[in-house]
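In what follows, every chain begins at residue 1, and chains take the letters A, B, ... in the order their sequences are listed. On a predicted model such as this, the values are computed, not experimentally measured, just so you know.
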Amino acid sequence: MTKQYAFFVDAKRCIGCFTCAMACKNQYHQEPGVHWRQVYPLNEEIYPHRERAFYSLACNHCENPTCANVCPVKAYYKREEDGVVVHEQDKCIGCGNCIRSCPYGAPRYNPVLKKAEKCSFCYQRLDAGLKPACVQSCPVEALQIVDLAEFDNPNAVQYPAGFPRFTKLNPSVRFILPEQPRMVTRSDV
Amino acid sequence: MKTHTKECVGQALSNAFSRRRFLKAMAASGALACLPGALLRPLTAEAGIVYEGDYQTFRNACPRNCYDTCSIKSYVKDGVLQFIEGAQESTYTRGGLCVKGYAYTRRPYEPTRVKYPMEQQGRGSGNWKRLSWDEAMDKIARKVLEMQEKDGNLLGLGMTKYSGNFGITNYVVEGMMSSLGYTTRFTGTPCWPAGIDAQNYDLGNMWCNDPEDFPDARYVILWGVNPAWCSVHSMKYIYAARDRGAKIVAIDPVMTQTAAKADEYWQVKTSADGALALGMARHILDQGLVDRDWVDNNSVGFEEFASYLRNNVTVDWAAELSGVPAERIKAVAEEFATAKPATIWIGYGMQRHVNGGATVRAVDALVAMTGNVGKVGGGARYGHLQTWGFNYHAMLQKQPEGAKGVPGKTEVKGDFHFTGDQGEVSYSDRILNINKTAQEILDAQDPPVRMLWVSCKNPFSQDFDRNKMQKAFDKLEMVVTVDNFFNQTVEQSDIVLPVTTLFEEWTINASYWHYWLSINEQAIKPMYEAKSNIEIAAALSKKMNELSPGSCTFPTEVDTKEWMVKEFNQNIYDQFGLESWEDLREGPRKMKLASSASWSTLEFGTPSKKYEFKSELCAEHGHKALPEWKEPREPNAKLRLLTPHTKFAIHSQFNNIDWMQEFNPRPYVYLNPQTASERGIDDGDTVRVFNDLGEVTIQAKLTSILPADTIMMYEAWFHANPYNCQNLVDDTAADMGSYKTGQPGVAIHDQFADVARV
Ligand code: SF4
Ligand code: SF4
Ligand code: SF4
């Protein structure tokens with residue numbers, strides 16, 4: 001298998017601090033309302049306590065990226081060396097096909113430039129030998145970068161509850177599920 | 001929020017500002033003169049970015065009074081701050097910040113900044129008029145001289161300042177006051193005084209282990225502390241302890257984010273933590289799990305404590321009071337006592353009660369009786385001031401010749417108050433309690449507090465009883481506030497002075513939790529007309545001396561960088577292995593520690609030099625000698641009201657930054673679904689939270705993280721939202737705090753309220 005970078009989201013460690021999302025904003029100054037990375041609280045069917053477990057999600061740099069497949073002007077390419085899906089904004093005509101086709105909502109509309117944009121896996125940082133800004137920022141190493149060619153974690157899942165299952169795309173992301181502590185709630189109320 | 005003049009913020013309030021439009025607007029307003037060189041290049045997803053070498057880098061440090069006090073590395077191009085990250089050199093930050101830290105890049109450019117000195121025609125009117133610095137200083141100086149003339153002293157001039165900017169050169173605000181004469185100071189601390197006193201009685205000082213030694217712990221109790229929100233960088237060490245086999249227990253009235261990450265969570269009844277600790281202690285005693293060697297060699301008063309436990313405490317009693325079943329109390333007490341080393345992190349929330357100091361003493365005792373004090377990976381962790389040995393030059397200014405104040409010597413105290421020996425003095429400052437600011441202003445006489453200088457603080461959103469604060473402010477003849485933003489205190493001021501952000505000034509930052517020291521360099525030129533507190537003091541001095549030569553001793557010209565040199569001494573250099581303060585420009589440094597454990601020599605700072613289960617000093621100060629159970633405050637409304645910190649802010653800071661609003665757009669009151677249904681409240685409903693003091697109208701969020709007798713709102717000032725939890729929080733004192741910080745703490749969490757649908 002060739003190299004394919006993926007985000008590894010350890011929801012057992014993730015404290016939902018939003019640092020990763022803000023670190024991305026700090027690096028790229030997205031327009032108001034535009035986020036390339038978001039921290040999603042899990043709903044209570046998945047984790048029984050509101051806003052206490054989270055998935056940090058951005059572009060999944062899919063093995064078979066639908067964004068790239070539907071782009072009429074080939075503004076997308078997938079890097080051979082690491083599988084990162086790059087959107088070239090200067091080619092983008094803002095038709096919105098990618099935004100509509102990605103079931104993970106990764107490409108976002110930039111209302112000022114009237115073009116699409118999305119998480120680039122910080123490939124410039126990767127090329128400079130640095131971690132992506134969000135990965136470097138995570139204070140508890142809940143967000144990591146792995147190479148699926150070598151990744152082997154028996155506890156990791158690709159499609160946890162709440163994360164849409166689109167096997168044809170084969171999203172490059174793996175999760176560890178959150179856990180609950182032993183709960184000792186008050187006996188007097 | 002009141003509308004401010006068009007000139008200062010109008011455009012920015014209504015528009016969501018884009019990066020490009022922001023720059024355009026700045027160009028139009030002429031503010032780009034402050035942004036030398038090229039504009040921020042549009043950083044699109046595919047724009048080429050080069051890192052090291054392509055930017056000028058600077059060292060900064062977060063001064064916001066958070067455990068983590070992160071070292072920051074700032075990347076600047078063409079004089080514009082482009083992005084920041086945590087310092088890689090610090091093993092504590094490891095290249096990261098927190099969500100608040102990463103929003104800093106926006107802070108200097110945030111459109112709603114206070115840009116120039118301004119004067120308000122009618123407090124709260126929002127009718128602001130721009131002043132020149134000279135005009136502003138003239139108005140202030142004339143008022144100071146007028147008070148001096150009228151009262152024959154300057155005790156009518158009050159100063160309130162706390163931890164809004166903890167850079168140590170900001171002690172210049174105190175220094176500026178001294179250079180004018182003897183004034184009125186609000187001293188003490190709202191945060192942690194009850195616990196400080198408790199640890200001083202037990203151990204002889206407040207001194208915690210290096211948090212980087214958590215991984216050596218075999219058992220960790222996180223008691224009333226929420227590092228997942230308030231000290232994110234500590235979480236990795238707690239996880240590391242667990243990865244090495246330690247059990248993590250969280251005890252909190254609320255299922256915090258930290259609790260959700262623990263192995264076991266106890267939902268203790270608020271303010272019953274002391275009973276829980278004593279119940280655990282009793283069980284440890286009964287099971288013969290006391291570390292006899294440690295206790296015999298290193299402590300005094302254990303036998304008295306043991307007989308107190310035998311006569312007054314049972315596990316069932318503790319279970320009854322705390323709501324935690326006896327079976328779990330016994331199990332965890334045994335596990336804690338047999339895991340070596342075991343540690344407890346005591347949060348600042350649990351001592352914000354009328355029995356808070358007594359509670360911390362009970363928890364300390366638990367750690368001590370199991371022999372875990374003085375051990376690597378052990379410890380009763382609360383805080384420390386080991387890395388704060390600066391000269392505090394900025395503070396030490398001389399009063400002008402002939403200045404008069406309160407006759408005789410009064411000792412100024414405060415947790416971060418570092419005054420030199422005043423020697424024989426005939427006058428001193430008037431000391432008022434910072435935790436009762438409103439009441440003290442209302443009560444002060446001969447002279448009344450006529451003028452208030454506010455810096456590094458936002459009393460309207462942080463101090464207690466907003467309605468009373470309003471009455472107190474109404475009594476003041478002049479209010480001058482130094483701030484970055486138009487917060488709720490600025491709205492109640494006559495004059496606002498724009499102050500520099502961390503990127504625009506020189507200072508130094510130490511932590512009260514970890515052992516790293518950071519320099520804060522000026523990375524960009526001050527935006528607009530902002531000045532540092534040092535420069536403001538110099539500007540005022542210049543005007544004072546112009547109007548009345550000799551009326552102010554503060555230097556009239558300053559180079560803020562030179563002030564750095566004056567703060568360092570050989571001791572600090574030795575502690576950190578520095579040749580010069582400039583070495584810190586290479587990166588933060590960690591104090592050279594003989595051991596990561598506090599009290600590793602087992603020589604304590606108490607009168608007996610031992611750990612004191614029984615403290616005569618504590619008894620002399622009007623408390624119990626032993627860490628006995630103390631009754632909580634009587635409820636005065638149906639529900640317990642908690643107002644802790646949110647992860648998105650520190651007090652009122654950060655909520656207003658536009659980047660932060662993206663993730664935290666509005667405040668809520670959180671309630672248990674049962675509490676809500678009893679009152680016909682649905683998720684998302686607008687409700688009224690009320691008690692005898694006042695009320696708040698706010699949206700409800702239902703959540704099982706709270707018990708049914710408790711509601712919670714996060715403490716904050718929200719941009720464009722009048723929400724203020726201080727409408728509902730009174731200034732009832734905690735039991736301890738006066739010994740070390742001069743004033744008792746505040747029972748912030750001993751508050752009650754009810755809620756109804758509107
Ligand atoms: S990899 Fe880079 S671009 Fe993608 S979410 Fe993380 S910080 Fe943003
Ligand atoms: S920074 Fe890490 S812990 Fe925080 S929300 Fe993101 S993934 Fe979770
Ligand atoms: S708020 Fe705390 S964690 Fe965040 S950057 Fe500042 S010091 Fe670091």
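If you tally non-hydrogen atom pairs under 4.5 Å between each of B/Met660, B/Lys647, B/Gln661, B/Lys269 and chain A, the highest count goes to B/Lys269. Note: A/Ser137 leads A/Ser137, A/Cys138, A/Ala21 in heavy-atom pairs under 4.5 Å with chain B. Taking B/Ala228, B/Ser234, B/Pro325, B/Ser322 one by one and counting their heavy-atom pairs under 4.5 Å with chain A, the maximum is reached by B/Ala228. Ranked by heavy-atom pairs shorter than 4.5 Å toward chain A, the options B/Met235, B/Arg94, B/Met255 are led by B/Met255. With respect to chain A, the highest number of heavy-atom pairs below 4.5 Å among B/Ala240, B/Pro253, B/Ala103, B/Ala250 belongs to B/Ala103. In terms of heavy-atom pairs under 4.5 Å with chain B, the best-connected choice from A/Lys131, A/Lys12, A/His35 is A/His35. Interface remark: of the candidates B/Lys236, B/Gln88, B/Lys261, B/Lys261 forms the most heavy-atom pairs closer than 4.5 Å to chain A. In terms of heavy-atom pairs under 4.5 Å with chain A, the best-connected choice from B/Ala708, B/Gly96, B/Gly323, B/Ser704 is B/Gly323. Counting heavy-atom pairs under 4.5 Å between each of A/Val184, A/Val140, A/Val39 and chain B puts A/Val184 at the top.
For A/Val34, the part lying under 4.5 angstrom from a heavy atom of chain B is the backbone only. Interface residue A/Gln38: only side-chain heavy atoms are found under 4.5 Å from chain B. With a threshold of 4.5 angstrom between heavy atoms, B/Thr258 does not approach chain A through any atom at all. Heavy atoms closer than 4.5 Å to chain A are found nowhere in B/Asp252, neither backbone nor side chain. Heavy atoms of A/Pro111 lying under 4.5 Å from chain B are absent altogether. Only the backbone of A/Cys14 comes within contact range of chain B, with at least one heavy atom under 4.5 Å from a heavy atom of that chain. In this structure, chain B has no heavy atom under 4.5 Å from any part of A/Phe121. Neither the backbone nor the side chain of A/Ala116 comes within less than 4.5 Å of any heavy atom of chain B. Contacts of B/Trp266 with chain A are made by both backbone and side-chain atoms, with heavy-atom separations under 4.5 Å. Interface remark: A/Ala142 contributes no atoms to any contact with chain B (heavy atom separation under 4.5 Å). Residue contact with chain A, scored on non-hydrogen atoms closer than 4.5 Å, involves the backbone of B/Val268 exclusively. If you measure heavy-atom distances from A/Glu141 to chain B, the contacts under 4.5 Å come from the side chain alone. There is no contact between B/Asn226 and chain A, counting heavy-atom distances below 4.5 Å. At a 4.5 Å heavy-atom cutoff, B/Tyr237 makes no contact with chain A through either its backbone or its side chain.
Between A/Asp188 and A/Arg186 there is a salt bridge, since at least one side-chain N of the basic residue sits less than 4.0 Å from a carboxylate O of the acidic one. Between A/Glu88 and A/Lys91 there is a salt bridge, since a side-chain N of the basic residue sits under 4.0 Å from a carboxylate O of the acidic one. The pair B/Asp316-B/Lys330 does not meet the salt-bridge criterion, since no charged nitrogen lies less than 4.0 angstrom from a carboxylate oxygen. Salt bridge B/Arg107/B/Asp658: absent, no basic N to carboxylate O contact under 4.0 Å. Using a cut-off of 4.0 Å between Lys/Arg side-chain N and Asp/Glu carboxylate O, A/Glu150 and A/Lys3 are scored as not salt-bridged. A salt bridge links A/Asp127 to A/Arg79: at least one charged side-chain nitrogen sits closer than 4.0 Å to a carboxylate oxygen. Under a 4.0 Å N-O distance rule, the pair A/Arg182/B/Asp263 does not qualify as a salt bridge.
Within the 4.5 Å cutoff, side-chain heavy atoms of B/Asn60 are placed close to those of B/Ser74. Between B/Pro108 and B/Leu81 the shortest side-chain heavy-atom distance falls below 4.5 Å.
Taking the six-membered ring for Trp and thresholds of 30 and 60 degrees, B/Phe503 and B/Tyr104 have ring planes more than 60 degrees apart, a perpendicular arrangement. Ring geometry for B/His514 against B/Tyr92 counts as tilted: the plane angle lies between 30° and 60°, on a 0 to 90° scale. In this pair, B/Phe83 and B/Tyr75 present their aromatic rings parallel. The plane angle is below 30°, not in the 30 to 60° band.
Outside the 6.0 Å centre-distance limit, the rings of B/Tyr714 and B/Tyr668 are not counted as a close aromatic pair.
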Item to check | Residue pair A/Phe163, A/Tyr104: steps toward the ring pair (Phe, Tyr, Trp, His ring centres under 6.0 Å) verdict | outcome: CA-CA 8 Å; A/Phe163 185 71; A/Tyr104 299 108; 4.6 Å; yes

